[in-house]
Structure formats: C-alpha cells, structure tokens
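Here is the structure we will look at.
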Amino acid sequence: MRGKNSNCTIVEVLSPSTEAYDRGNKFRMYRRNPNLRDYILVDSNKMAIDLYRKDDSGNWYILNYEAGDSIDLKSVNLTFSIEQVYEDIEFAVDDSDRSQSL
C-alpha cells in the first residue's frame, strides 16, 4: 500500500490523432490526482519530450527536451538522456524536410 505522500508519474506516447486530447482534457483529468508530480509526453514523430511538472506550491510548469538533453524526473529520482528513450528508433524522413535541405 502506498503512503499518503507517494509521488505519481504518468508517461504518454503522443500520436497525431490523440495529441490534443492528451495535452488538454486528459491532462485536466490526471491533475485531479493529488499525487501526480510529473506528466511526460513523448513525441512519436521526432526526438522531443515535454515534461509537465507540479511544484511544491501546486503550480504546473512545462519543460521541453530535445536531442542532447538530460531529463530529470524528481518524482521518481531518475535522470536519463533523451537518447535513451529513443534508442534504436529511426524516424521517417518527410519529403518536405528533404527538399528544404537540397
């Protein structure tokens, strides 16, 4: 059984069809959990992670991570590089990206 001061972390992998819901209504529902400290949104199309963190005053703020960044999850006392999350992932190259680099 968890104690009263247990911390909670939720991780969501975003998809184009659910991203707005995950960032909006779903997050509003999750915030009702008094133990939620970190809400992590992992982009499935590029190396990018958004971390919503609740501070000791109960206010939420967002941290944005990209390639080369280290992520610090205070709620579970864990630090790791964003590259570890995306290890062995190859992203599809968008034709519009390819034409811009020519």
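Everything quoted here is computed from the prediction, not taken from an experiment.
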Side-chain donor-acceptor contact under 3.5 Å, N35 with S6: no
Heavy-atom side-chain contact between I40 and I10 under 4.5 Å: no
State plainly whether the residues K26 and E12 are in salt-bridge range, i.e. N to O under 4.0 Å. yes
Is it true that a side-chain atom of E83 and a backbone atom of G68 form a donor plus acceptor pair closer than 3.5 Å? yes
Is any side-chain heavy atom of L14 closer than 4.5 Å to one of R23? yes
Indicate yes or no: at least one non-hydrogen side-chain atom of L73 is less than 4.5 angstrom from one of F80. yes
Test: ring-ring contact (aromatic ring centres under 6.0 Å, His included). Region: residues 53-73. Which pairs qualify, not counting sequence neighbours? F27-W60
Between the main-chain N or O of E66 and the side-chain N or O of D69, is there a donor-acceptor pair closer than 3.5 Å? yes
Is the shortest side-chain heavy-atom distance between K54 and N59 below 4.5 Å? no
Report, as yes or no, whether the 6.0 Å neighbourhood of atom CG on N77 holds more than 12 heavy atoms from other residues, nucleotides or ligands. no
If we only count heavy atoms from C-beta on, is the N7 to T9 side-chain gap below 4.5 Å? no
About how many Å separate CG of L36 and SG of C8, when rounded to the nearest 0.5 Å? 5.0 Å
Please enumerate all residues that pass side-chain contact (heavy atoms from CB on, under 4.5 Å) together with D56, with sequence neighbours excluded. none
For S44 and V13, indicate whether the former's side chain and the latter's backbone hold a donor-acceptor pair under 3.5 Å. no
Restricting to non-hydrogen atoms, name the atom on S57 and the atom on D55 that form the minimum distance, rounded to 0.1 Å. N-OD1, 2.9 Å
Tell me whether D72 is salt-bridged to K74, with the criterion being a basic N under 4.0 Å from an acidic carboxylate O. yes
Do M29 and V11 sit in the same hydrophobic cluster, where Ile, Leu, Val, Met, Phe, Trp and Tyr count as joined when their side-chain heavy atoms come under 4.5 Å apart? no
Chi angles and distances behind the side-chain contact (heavy atoms from CB on, under 4.5 Å) call for Y39, D22: CA-CA 10 Å; Y39 181 51; D22 291 341; 3.9 Å; yes
Are I82 and S70 packed together at the side-chain level, in the sense that at least one heavy-atom pair is separated by less than 4.5 angstrom? no
For Q84 and S81, indicate whether the former's side chain and the latter's backbone hold a donor-acceptor pair under 3.5 Å. yes
Side chains of V85 and I49: does their closest heavy-atom pair fall under 4.5 Å? yes
Within the 4.5 Å heavy-atom criterion, are D50 and L63 side-chain neighbours or not? no
